[in-house]
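As structure tokens, the structure follows; a few thoughts come after it.
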Amino acid sequence: MKILDTLSGAEKDVDISDSVRIYLCGVTVYDESHIGHARTIIVFDTLRRYLESKGVRVNLVQNFTDVDDKIINRANKENTSAEKISTKYITNYFDDFYRLNVKRANSYPKATEHIPDMINLIQGLIDKGFAYVSKNGVYFSVLKFKDYGKLSKKKIEELISGARIEVDETKKDPTDFALWKFADESPTWESPWGKGRPGWHIECSAMSLKYLGSNFEIHGGGRDLIFPHHENEIAQSEAFSGINFAKIWMHIGMVTINGEKMSKSLGNTKSIDFVLKRWGPNIIRLFCLSGHYSKPIDYSEDLLKETIIKWRQVENCYFELILADNSVSESDELIKGVVNEAENEFDDALDSDFNTPLALSVFFKLVKGANQLASSEKLTRNISDNILPTFLKMLSILGLKVIEVTDDEKLKISSLIKQRNMLRNQKKFQEADAIRKQISDMDIVLIDHKNKTLWMKQEKIGIEN
RNA sequence: GGUGAGGUGGCAGAGUGGCUAUGCGUUCGCCUGCAAAGCGAAUCUAUAGGGGUUCAAAUCCCUUCCUCACCUCCA
């Protein structure tokens with residue numbers, strides 16, 4: 001599998017010989033997560049599911065930044081503690097992503113629980129001459145790290161002349177960034193240099209090193225983290241260890257709205273709770289995977305409405321496949337071939353820089369093919385058995401979930417269908433329609449084929465009600 | 001201003017030299033007691049503009065224009 005590496009600008013093979021170690025920059029927990037966060041995390045969740053489907057072990061680590069000025073500001077505003085704020089939004093995070101059918105990462109380290117690791121790292125950097133203590137804190141000396149700028153392709157001279165860098169007289173150089181900031185106001189921690197808080201970037205270096213070691217396979221995050229966050233992580237980590245930090249840097253494009261980046265500072269975000277209520281998890285996941293991960297996608301209601309139609313086709317396909325009972329036996333060699341080919345194309349697409357839109361088109365071709373067979377009443381049990389495992393496998397890699405139906409429900413549905421069909425045969429259409437209404441109140445849609453009636457359970461989509 | 005990524009049919013979105021995905025939409029049709037869902041056919045026959053290389057370019061080169069992101073916190 002190849003992934004485009006931001007650092008080298010080239011597609012690089014993911015080393016799957018042992019476990020694939022992935023560090024993903026998570027969220028700062030001072031507010032609700034939004035669809036932009038969701039996209040990044042869904043992409044990595046899908047990547048992880050794909051690798052695991054290949055039998056590759058994945059060690060996915062995703063941090064929570066739970067110490068930050070934004071958290072403290074919010075706590076002050078709400079007259080509560082920073083810890084309460086971060087705990088609240090971590091809970092909120094897990095609730096959101098559980099509902100998005102995102103598998104749990106292997107660990108979710110929190111910055112506040114790794115202060116000693118950060119202090120070690122900072123001390124190491126001071127010892128090696130890459131960091132110094134000044135009046136306001138401990139700073140990383142950017143000029144000492146000769147590769148600085150290699151990820152974001154920035155030249156240090158340009159950064160220095162950049163008017164937007166705040167002037168801080170206590171720094172040796174304007175581009176130096178804080179590893180530790182002295183502070184008195186809680187939350188603070190003791191350190192060899194004085195009471196204070198860690199800088200933002202150091203946590204990811206400390207925690208990735210601790211949980212994944214140096215030179216792990218993939219470091220991911222949103223594109224907006226390339227500078228300064230990831231640039232600084234590289235500087236800290238490589239200055240400390242002398243070893244390349246991550247083998248591949250994988251950056252996820254922004255979610256835009258009306259062509260503009262969605263961000264809290266612009267105030268144009270759509271929270272995960274909002275989009276889940278409106279569209280549900282499957283539509284959101286399909287939407288997030290509908291464009292190549294490296295490019296921006298635009299949150300557009302029209303597109304999402306389109307996605308509902310696609311999802312209905314998937315639901316239809318699922319129920320056709322599991323309910324097929326036509327036993328006319330036919331040669332299924334052809335089907336096997338087609339299914340195999342689809343599976344290979346699906347994998348090829350994902351192996352080639354995780355091309356999810358291409359993989360989705362393969363998936364929808366399979367769905368369409370099955371629906372075609374069903375429509376022309378050629379979908380026998382035999383054929384279904386050949387398609388179903390591949391269909392379910394793709395569904396699971398994509399993290400999609402069709403609504404489950406209990407056995408009790410199934411019995412009830414088939415008995416109602418029998419009644420309705422009897423009434424239809426007697427041409428008592430009004431009564432038959434009343435039963436159909438009763439069934440549709442259970443979110444079941446009937447599919448009248450020529451010789452039999454099938455059914456599918458539809459996910460309720462908020463916007464349709 | 002600097003850096004990076006892009007500009008593909010009505011829309012979304014693949015494709016990195018020849019075989020011009022895929023989906024949605026639109027129109028007509030099939031199926032049906034009527035629907036719904038699904039399916040079929042047709043339609044669109046696109047590659048930002050200009051130049052070049054080539055037998056052949058969306059794909060390579062030059063150039064112009066445009067968009068977005070980053071350069072401050074951000075997924």
Side-chain angles (χ1 to χ4, degrees), chain A residues 4 6 9 24-28 30 33-44 62 65 68-70 149 151-155 157-159 161-166 200 220-229 231 251-256 259-266 269 287 290-292 294-298 300 302-310 312-313 315-317 319-320 345 349 352 355-365 367-368 370-377 423-425 427-430 432-433 436 440 445-450 453-456 458:
Chain A
L4 181 71
T6 310
L24 176 59
C25 283
V27 294
T28 302
Y30 71 102
S33 302
H34 57 72
I35 177 102
H37 302 116
R39 183 193 188 187
T40 298
I41 286 154
I42 285 169
V43 167
F44 278 92
Q62 185 189 323
T65 299
D68 185 87
D69 287 348
K70 285 185 175 168
L151 181 72
S152 57
K153 276 77 181 170
K154 290 189 189 305
K155 295 200 174 74
E157 311 84 70
E158 279 156 9
L159 287 170
S161 61
R164 291 159 99 178
I165 304 270
E166 65 177 288
W200 173 36
R223 290 206 85 83
D224 53 351
L225 294 184
I226 293 175
F227 190 91
H229 186 53
E231 193 68 64
H251 287 109
I252 311 303
M254 296 294 102
V255 177
T256 60
E260 263 198 322
K261 181 183 167 186
M262 192 182 279
S263 76
K264 285 176 197 160
S265 32
L266 288 171
T269 60
F287 167 72
S290 70
H292 191 260
S294 64
K295 292 186 179 176
I297 45 170
D298 201 58
S300 127
D302 285 344
L303 265 181
L304 284 151
K305 280 180 196 157
E306 255 184 40
T307 311
I308 298 176
I309 291 162
K310 295 182 186 181
R312 296 301 184 213
Q313 292 171 352
E315 285 177 323
N316 185 80
C317 179
F319 285 99
E320 293 281 7
E345 280 178 22
S352 161
N355 193 336
T356 55
L358 191 56
L360 280 178
S361 79
V362 175
F363 174 63
F364 284 114
K365 265 196 271 184
V367 167
K368 188 134 197 155
N371 286 343
Q372 264 168 4
L373 289 170
S375 170
S376 54
E377 308 215 26
L423 291 165
R424 286 170 76 205
N425 285 336
K427 302 211 184 300
K428 294 180 179 166
F429 296 123
Q430 253 184 1
D433 287 351
R436 182 162 68 196
S440 88
V445 171
L446 296 181
I447 307 162
D448 285 331
H449 286 306
K450 204 163 193 170
T453 301
L454 283 190
W455 53 271
M456 62 191 254
Q458 283 194 336

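To find a chain, count down the sequence lines: A is the first, B the second, and so on, and within it residues start at 1.
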Inset, instruction - Whole angstrom is fine here: how far is it from CG in A/Asn371 over to C1' in B/A37? - result: 9 Å
Legend entry - Separation of B/A75 P from A/Phe44 CZ (nearest whole Å): 14 Å
[N] and [M]: how far apart are their [atom1] atoms, nearest whole angstrom?
{"N": "B/A56", "M": "B/G1", "atom1": "P", "result": "37 Å"}
{"N": "B/A14", "M": "B/U53", "atom1": "P", "result": "32 Å"}
{"N": "B/U72", "M": "B/U26", "atom1": "P", "result": "47 Å"}
{"N": "B/G50", "M": "B/G6", "atom1": "P", "result": "23 Å"}
{"N": "B/A35", "M": "B/C28", "atom1": "P", "result": "15 Å"}
{"N": "B/G51", "M": "B/G9", "atom1": "C1'", "result": "25 Å"}
{"N": "B/G13", "M": "B/U8", "atom1": "P", "result": "9 Å"}
{"N": "B/A48", "M": "B/U43", "atom1": "C1'", "result": "25 Å"}

So do the side chains of [X] and [Y] get within less than 4.5 Å of each other, counting heavy atoms only?
{"X": "A/Lys154", "Y": "A/Glu231", "value": "no"}
{"X": "A/Lys310", "Y": "A/Leu360", "value": "no"}
{"X": "A/Phe287", "Y": "A/Ile297", "value": "yes"}
{"X": "A/Leu24", "Y": "A/Thr40", "value": "yes"}
{"X": "A/Arg312", "Y": "A/Val445", "value": "no"}
{"X": "A/Glu320", "Y": "A/His449", "value": "yes"}
{"X": "A/Tyr30", "Y": "A/Lys264", "value": "yes"}
{"X": "A/Ile35", "Y": "A/Arg39", "value": "no"}

Inset, instruction - For each nucleotide in nucleotides 17-33 of chain B, reading 5' to 3', give B when a protein heavy atom comes within less than 4.0 Å of its base, S when such contact involves only the sugar-phosphate, and - otherwise. - result: ----BSBBS------SB
Tell me what [X] touches on the nucleic acid: a base, only sugar-phosphate, or nothing, going by heavy atoms under 4.0 Å.
{"X": "A/Gly259", "value": "sugar-phosphate"}
{"X": "A/Lys154", "value": "base"}
{"X": "A/Gly9", "value": "nothing"}
{"X": "A/Lys305", "value": "nothing"}
{"X": "A/Ser152", "value": "sugar-phosphate"}
{"X": "A/Ser376", "value": "nothing"}
{"X": "A/Leu446", "value": "base"}

Over all heavy atoms of both residues, which pair between [X] and [Y] is shortest? Give the atoms and the distance, please.
{"X": "A/Phe429", "Y": "A/Arg424", "result": "CE2-O, 3.7 Å"}
{"X": "A/Cys317", "Y": "A/Asn371", "result": "CA-OD1, 3.2 Å"}
{"X": "A/His251", "Y": "A/Arg223", "result": "O-NH1, 3.7 Å"}

Legend entry - Of the listed nucleotides B/C70, B/A37, B/A75, the one nearest the side chain of A/Met262: B/A75
Inset, instruction - Report yes if at least one side-chain N or O of A/Asn316 is closer than 4.0 Å to OP1 or OP2 of B/C39; otherwise report no. - result: no
Inset, instruction - Return no unless some side-chain N or O of A/Lys261 is found under 4.0 Å from OP1 or OP2 of B/C70. - result: yes
Legend entry - Nearest-nucleotide comparison on RNA chain B, the residue closer to the 5′ end among A/Lys295 and A/Lys70: A/Lys295
Legend entry - Given RNA chain B, 5'-ward residue of the pair A/Leu225 and A/Met456, judged by closest heavy atom: A/Met456
Inset, instruction - Enumerate, in order of first residue number, the stems that involve RNA chain B, defined as 3 or more consecutive Watson-Crick or G-U wobble pairs with both distances under 3.5 Å. - result: B:1-7 with B:65-71, B:10-12 with B:22-24, B:25-30 with B:38-43, B:48-52 with B:60-64
